[in-house]
Amino acid sequence: MENKENQRPWFFNLVKDGDEAVVRLLHSTTKTIESVVSHRVIIDEKPRRVRCNGDGCAFCSSGKTPDTRIYVHLFDYTDNREKVWDRTDKIIPQLDKLLESWNPLHTAVVKITRKGNEFPKYEVVPQNPMNYAQVDESLIDMPIAKFYSTKRTNEDISAFIQ
């Protein structure tokens, strides 16, 4: 359950309505969940994220609108793997509510259930943490966004667009 400094955690994904998993959030507070403004692009037929450069961003100049993604680091007890949940920030209010009872956040173990298929919502329900193994403390609040969105110069982005 150790993560090497440059090892990329798996993606966490609940594919269809009713799918669920029991996880431990690897954050002390929601403030340590990284948020990145980025552009979704296709590279080698795979979706990737490139960070928006803000003013003067070549993607923005070409009409490509950025969006904000958050990267929730977690440990999935379903298959005992460290993972990252790539989401919009709409899940933050539920996690803030959880933080009111479980502070620091990583002391909570929760069951996440997908509700719906096309535009899903997620139900987050606390579980008894005594029934689940602890995690390596070095994983708590570990920066992970660097694995899921790359930084490029405006010159690199312009070359890519062309």
Side-chain angles (χ1 to χ4, degrees), residues 3 7-43 46-79 81-127 129 132 135 137-152 154 157:
N3 186 339
Q7 185 179 344
R8 179 183 198 177
W10 295 70
F11 275 109
F12 176 76
N13 195 7
L14 299 174
V15 179
K16 62 187 184 316
D17 182 47
D19 283 357
E20 59 187 27
V22 175
V23 304
R24 184 180 299 268
L25 303 170
L26 300 177
H27 297 277
S28 56
T29 176
T30 55
K31 294 188 182 346
T32 66
I33 296 173
E34 295 171 277
S35 173
V36 176
V37 177
S38 61
H39 298 275
R40 184 176 183 269
V41 298
I42 304 297
I43 300 173
K46 295 180 182 172
R48 300 281 187 244
R49 293 235 163 236
V50 177
R51 292 183 187 215
C52 180
N53 289 335
D55 290 338
C57 173
F59 277 132
C60 291
S61 297
S62 73
K64 190 162 188 53
T65 305
D67 61 348
T68 302
R69 305 301 295 181
I70 63 168
Y71 298 97
V72 181
H73 194 195
L74 50 82
F75 184 81
D76 186 346
Y77 289 105
T78 308
D79 59 6
R81 290 185 189 264
E82 177 190 357
K83 296 184 179 176
V84 66
W85 196 15
D86 176 355
R87 304 280 340 126
T88 65
D89 59 0
K90 291 180 181 178
I91 195 77
I92 293 291
Q94 283 186 70
L95 299 180
D96 280 335
K97 186 139 184 74
L98 183 66
L99 184 60
E100 292 173 12
S101 300
W102 296 90
N103 192 357
L105 199 53
H106 63 82
T107 61
V109 172
V110 297
K111 183 190 315 181
I112 301 175
T113 305
R114 181 181 172 132
K115 302 289 185 180
N117 280 317
E118 200 158 330
F119 297 104
K121 295 191 182 315
Y122 295 89
E123 179 181 67
V124 178
V125 178
Q127 304 294 296
Y132 298 91
V135 295
E137 289 288 319
S138 69
L139 298 176
I140 309 302
D141 297 332
M142 185 177 83
I144 57 168
K146 64 185 176 187
F147 297 121
Y148 304 100
S149 62
T150 59
K151 285 185 179 180
R152 296 288 185 245
N154 279 333
I157 293 171

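Being a predicted model, the structure only gives us computed values, none of them experimental. Counting from 1, the numbers follow the sequence of the chain as shown.
- Taking the charged nitrogens against the carboxylate oxygens, D76 and R81 have no contact shorter than 4.0 Å, which rules out a salt bridge.
- Defined by atom type and a distance below 3.5 Å, a donor-acceptor pair is present between the side-chain atoms of H73 and E82.
- The pair D19-R114 does not meet the salt-bridge criterion, since no charged nitrogen lies less than 4.0 angstrom from a carboxylate oxygen.
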Subject >> Residues V110, V125; criterion side-chain contact (heavy atoms from CB on, under 4.5 Å); working and verdict >> reply: CA-CA 5 Å; V110 297; V125 178; over 6 Å; no
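- Put simply, the side chain of V22 reaches to within 4.5 Å of the side chain of V109, judged on heavy atoms.
- Residues T29 and L105 form no side-chain contact, since every pair of their non-hydrogen atoms from C-beta on lies 4.5 Å or further apart.
- Residue pairs that meet the side-chain hydrogen bond (donor to acceptor under 3.5 Å, both in side chains) test with at least one member in residues 87-111, sequence neighbours left out, are T30-D96.
- Closest approach of T68 and S35 over heavy atoms only: CG2-OG, 3.2 Å.
- Residues L98 and L25 form a side-chain contact, since some pair of their non-hydrogen atoms from C-beta on lies under 4.5 Å apart.
- Listed by first and then second residue, the side-chain hydrogen bond (donor to acceptor under 3.5 Å, both in side chains) pairs that reach into residues 47-63 are S38-R49, R49-D67, R51-S149, N53-N154, sequence neighbours excluded.
- Between the NZ atom of K151 and the NZ atom of K146 there is a distance of 11.5 Å, given to the nearest 0.5 Å.
- No side-chain donor-acceptor contact under 3.5 Å links N117 to the backbone of K16.
- Closest approach of V36 and A145 over heavy atoms only: CG2-CB, 3.8 Å.
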**OP:** Assess whether side-chain contact (heavy atoms from CB on, under 4.5 Å) is satisfied between F59 and V41, documenting all intermediate values.
**Re:** CA-CA 10 Å; F59 277 132; V41 298; 3.4 Å; yes
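- In this structure the side chain of K83 never reaches within 4.5 angstrom of the side chain of W85, judged on heavy atoms.
- By the 4.5 Å heavy-atom criterion applied to side chains, C60 and C52 are counted as neighbours.
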Subject >> Trace of the side-chain contact (heavy atoms from CB on, under 4.5 Å) decision for W10 with V84 >> reply: CA-CA 6 Å; W10 295 70; V84 66; over 6 Å; no
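- Considering CZ of F12 and CG of D86, their distance stands at 12.5 Å, rounded to 0.5 Å.
- Using a 4.5 Å heavy-atom threshold, the side chains of Y122 and T113 count as separate.
- Under the side chain to side chain contact (heavy atoms under 4.5 Å, CB included) criterion, N13 pairs with V15, sequence neighbours left out.
- Inter-residue side-chain proximity for H27 and P104 is flagged as unmet; no heavy-atom pair is nearer than 4.5 Å.
- What you find for A108 and R24 is that their closest heavy atoms are O-CG, 3.5 Å.
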Subject >> Derivation and outcome, side-chain contact (heavy atoms from CB on, under 4.5 Å), residues V135 and I140 >> reply: CA-CA 9 Å; V135 295; I140 309 302; 4.0 Å; yes
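- Contact detail for Y71 and I144: the closest heavy-atom pair is O-CD1, 4.0 Å.
- Under the ring-ring contact (aromatic ring centres under 6.0 Å, His included) criterion, F11 pairs with Y148, not counting sequence neighbours.
- With sequence neighbours excluded, no residue satisfies salt bridge (Lys or Arg N to Asp or Glu O under 4.0 Å) with K46.
- In this structure the side chain of K115 never reaches within 4.5 angstrom of the side chain of P120, judged on heavy atoms.
- In this view, Y77 and F75, Y132 satisfy the ring-ring contact (aromatic ring centres under 6.0 Å, His included) rule, not counting sequence neighbours.
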